Asks: 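Dropping the structure in here first, questions after.
None of these values were measured; they are calculated from a predicted model. Side chains are part of it too, since the values below use all heavy atoms of this structure and drop only hydrogens, waters and symmetry mates.
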Amino acid sequence: MKTKNYSLAFAIIATFLAAGCSKQTPTSSSPASAIDRSRTPSALPENGFKATISLIDPPAKLRAGEKTTIQVKVKNASDVLWYARGAQINTSADNKFYLAAGDRWLNAADEKLVTDMDGRYGLDKDLRPGEETEIPLAITAPKESGAYILEIDLVQEQVAWFHDKGSPTARTKVTVVR
């Protein structure tokens, strides 16, 4: 009886060891080692930073310091699924990996940065490649009158602006008056 129990235990252990040894170690290119971006908030891969951004009826003139909301159309021009919050579920309190539209103001004469700390608005939904959405973006005109360029871009929070990765921005000229 004891011999049977030992034989059975040995057979079970040998089966587990053989199964464990037959597994191949995943390589860096295998799906098993890839980050599951649906569950783990993470930075987009390099090829994910491709967008088409357009402005719907942008203002041509604003008063100095005027606040208004513009409509921005954002299209995922990459071959990567964009998770609006960095993953299907992201409980991060710091918005890390969130995708948002943001604006900056440039001087029209020399295109020097006036401010890049204006409005931000997070994408309202995940976007598959080729999908688009329209979002509102609150902007504030510069305090000094003059000719400006309003530039809209996407950002993956705490990672990178899309234009820094080669994606085009949306731009429009705006005259700011007193």
Side-chain angles (χ1 to χ4, degrees), residues 35 37 40-88 90-178:
I35 294 173
R37 291 186 49 248
T40 305
S42 60
L44 287 170
E46 289 297 313
N47 61 323
F49 288 92
K50 294 180 185 167
T52 302
I53 306 167
S54 57
L55 305 176
I56 301 167
D57 197 26
K61 187 185 289 188
L62 293 171
R63 295 207 175 276
E66 181 179 353
K67 296 178 185 302
T68 191
T69 300
I70 60 172
Q71 292 298 312
V72 178
K73 188 181 285 188
V74 176
K75 181 177 180 179
N76 181 348
S78 78
D79 59 357
V80 175
L81 171 63
W82 290 350
Y83 289 106
R85 302 292 175 248
Q88 285 179 339
N90 186 351
T91 57
S92 172
D94 62 2
N95 293 345
K96 187 170 186 177
F97 304 122
Y98 280 32
L99 294 172
D103 72 288
R104 55 189 155 252
W105 291 92
L106 308 171
N107 184 304
D110 57 12
E111 296 197 8
K112 287 194 177 180
L113 182 67
V114 174
T115 182
D116 63 351
M117 297 303 291
D118 196 20
R120 293 268 176 90
Y121 194 89
L123 294 187
D124 57 349
K125 63 181 183 176
D126 300 339
L127 292 178
R128 295 187 184 290
E131 288 184 332
E132 59 186 35
T133 190
E134 197 174 299
I135 57 173
L137 180 62
I139 62 169
T140 305
K143 295 183 190 296
E144 301 294 322
S145 61
Y148 294 93
I149 296 170
L150 172 63
E151 184 176 49
I152 311 299
D153 195 6
L154 288 183
V155 62
Q156 186 174 35
E157 298 292 355
Q158 300 182 37
V159 178
W161 286 93
F162 277 48
H163 83 276
D164 290 339
K165 301 285 188 171
S167 188
T169 60
R171 292 174 151 214
T172 189
K173 290 184 179 181
V174 179
T175 301
V176 174
V177 297
R178 290 207 180 269

Asks: Output the distance between atom CG (Leu44) and atom OH (Tyr83), rounded to the nearest 0.5 Å.
Replies: 11.0 Å
Asks: When you measure from the side chain of Asp126 to the backbone N and O of Ala84, does any donor-acceptor pair fall under 3.5 Å?
Replies: yes
Asks: Return the set of residues passing salt bridge (charged side-chain N to carboxylate O under 4.0 Å, His left out) with Asp118 (not counting sequence neighbours), or none when no residue passes.
Replies: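 In terms of salt bridge (charged side-chain N to carboxylate O under 4.0 Å, His left out), with neighbours along the sequence ignored, Asp118 is linked to no residue.
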Asks: What I want to find out is whether Lys125 reaches Glu131 closely enough, with some N-O distance under 4.0 Å, to be called a salt bridge.
Replies: no
Asks: State, with a plain yes or no, whether a side-chain heavy atom of Leu99 is found less than 4.5 Å away from one of Leu154.
Replies: no
Asks: The criterion is salt bridge (charged side-chain N to carboxylate O under 4.0 Å, His left out); which residues satisfy it with Glu134, sequence neighbours excluded?
Replies: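 Glu134: no salt bridge (charged side-chain N to carboxylate O under 4.0 Å, His left out) contacts found.
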Asks: Using salt bridge (charged side-chain N to carboxylate O under 4.0 Å, His left out) as the criterion, list what pairs up with Glu132, not counting sequence neighbours.
Replies: Lys73
Asks: Atom CG in Leu106, atom CD in Glu111: separation rounded to 0.5 Å?
Replies: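 Going from the CG atom of Leu106 to the CD atom of Glu111 covers 6.0 Å.
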Asks: Between Trp82 (side chain) and Gly48 (backbone), is there a donor-acceptor pair under 3.5 Å?
Replies: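 The answer is yes, because a donor-acceptor pair under 3.5 Å joins these two groups.
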Asks: Provide the full list of ring pair (Phe, Tyr, Trp, His ring centres under 6.0 Å) pairs with a residue in residues 120-148, sequence neighbours left out, each pair given once.
Replies: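 Qualifying pairs: none.
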Asks: Measure the OG1-CG distance between Thr133 and Asn76 for me, rounded to the nearest 0.5 Å.
Replies: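 Here the interatomic distance stands at 11.5 Å.
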Asks: So do Glu144 and Val114 actually touch side chain to side chain, heavy atoms under 4.5 Å?
Replies: no
Asks: Scan the side chains in residues 49-72 for donor-acceptor partners under 3.5 Å anywhere in the protein, sequence neighbours excluded, and list what turns up.
Replies:
{"from": "Arg63", "atom 1": "NH1", "to": "Arg178", "atom 2": "O", "distance (Å)": "2.6"}
{"from": "Glu66", "atom 1": "OE1", "to": "Arg63", "atom 2": "N", "distance (Å)": "2.8"}
{"from": "Lys67", "atom 1": "NZ", "to": "Thr140", "atom 2": "OG1", "distance (Å)": "3.4"}

Asks: Quickly, which of Arg85, Arg120, Lys96 forms a side chain to side chain donor-acceptor pair (under 3.5 Å) with Glu157? Name it, please.
Replies: Arg120
Asks: Using side-chain heavy atoms (C-beta onward) and a distance below 4.5 Å, is Lys165 in contact with Gln156?
Replies: no
Asks: So do the side chains of Phe162 and Val155 get within less than 4.5 Å of each other, counting heavy atoms only?
Replies: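 Counting from C-beta outward, Phe162 and Val155 never come under 4.5 Å.
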Asks: Applying side chain to side chain contact (heavy atoms under 4.5 Å, CB included), name anything that partners Asp79, two or more places apart in sequence or on another chain.
Replies: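 If we apply the side chain to side chain contact (heavy atoms under 4.5 Å, CB included) test to Asp79, skipping adjacent residues, the hits are Asn47.
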Asks: Kindly give the heavy-atom pair with the smallest separation between Ala43 and Val159, and that separation in Å.
Replies: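 Shortest heavy-atom separation between Ala43 and Val159 comes out as CB-CG1, 3.9 Å.
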Asks: Would you give the length of the straight line joining atom CG of Asp110 to atom CG of Leu113, rounded to the nearest 0.5 angstrom?
Replies: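 Reported value, rounded in 0.5 Å steps: 10.5 Å.
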Asks: Report yes if some heavy atom in the side chain of Thr169 is under 4.5 Å from a heavy atom in the side chain of Trp161; otherwise report no.
Replies: no
Asks: Of the non-hydrogen atoms in Ala138 and Asp103, which two are nearest, and what is the gap between them?
Replies: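 The pair with the smallest heavy-atom distance is O-OD1, 4.1 Å.
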